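The structure appears below as structure tokens.
Note that the structure is a prediction, hence the values are computed from the model and not measured. The figures here come from the full heavy-atom set of this structure, side chains too, leaving out hydrogens, waters and symmetry mates.
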Amino acid sequence: MMNKTVSGAFSTWVQTWEDAVRGREEAKILGELSAVKEQRLRTFLKKLMNSQIAGAWEKWMELHAMMRTIKVAVGRMKNRSMSAAFVRWEEFAEESQAMKQMLRKVAMKLMKRQMAGAFERWYDMTQEALELRGKLRKMMKRAMNSCVAGAFERWAEMTEEA
């Protein structure tokens, strides 16, 4: 739509320019005008062309400003949708971060639970080993005591016989 308006303004300017040039040429060809009249005509045509050029320029500037305004408005509309998309992405990123944090906590609890279970099993095994060691000591003492007692009895028998 704006291109048509700009094109129309430019076409009007070109047409005015061509009309002015044609009018001057026709005046020269017909020889109807004297030098003074020709000078006046030139001055009038220059003023006319300048005013029409200025008018076309003003119209072009208005259209250009309107196009700039429309571009800004379209940009803002695009920015709204981009802004909404960014907000949704930001919310998703925050939720993802919270989920990651929660998963880390759960993983740490599971790992600590496994470590605690492993430590508990090790502790139970060492306590059992200490218990077994104590029982083995008692058994060895009894065995040693019975051997010593047996040896003492044999010695005592031998000393009685002798």
Can you measure from [atom1] ([X]) to [atom2] ([Y]) and round to the nearest 0.5 angstrom?
X    : Y    : atom1 : atom2 : result
L130 : K135 : CG    : NZ    : 12.5 Å
R104 : Q101 : CZ    : CD    : 5.5 Å
K112 : M115 : NZ    : CE    : 8.0 Å
S146 : E153 : OG    : CD    : 10.5 Å
S96  : E91  : OG    : CD    : 11.5 Å
E94  : W89  : CD    : CH2   : 9.5 Å

(request) Inspect the surroundings of CD in E128 and state if more than 12 heavy atoms from other residues, nucleotides or ligands are less than 6.0 Å away. (result)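 Result for CD/E128: open.
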
(message) Consider side chain to side chain contact (heavy atoms under 4.5 Å, CB included). Of M66, H64, K71, which one does R68 pass it with?
(response) H64

(request) Identify which one of R133, K138, M139 satisfies the side chain to side chain contact (heavy atoms under 4.5 Å, CB included) criterion when paired with L136. (result) M139

(request) Verify whether the ring centers belonging to W122 and F119 lie closer than 6.0 Å. (result)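 Yes, they do, as the ring centres are separated by less than 6.0 Å.
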
(request) Indicate yes or no: at least one non-hydrogen side-chain atom of K105 is less than 4.5 angstrom from one of M108. (result)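 K105 vs M108: side chains apart.
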
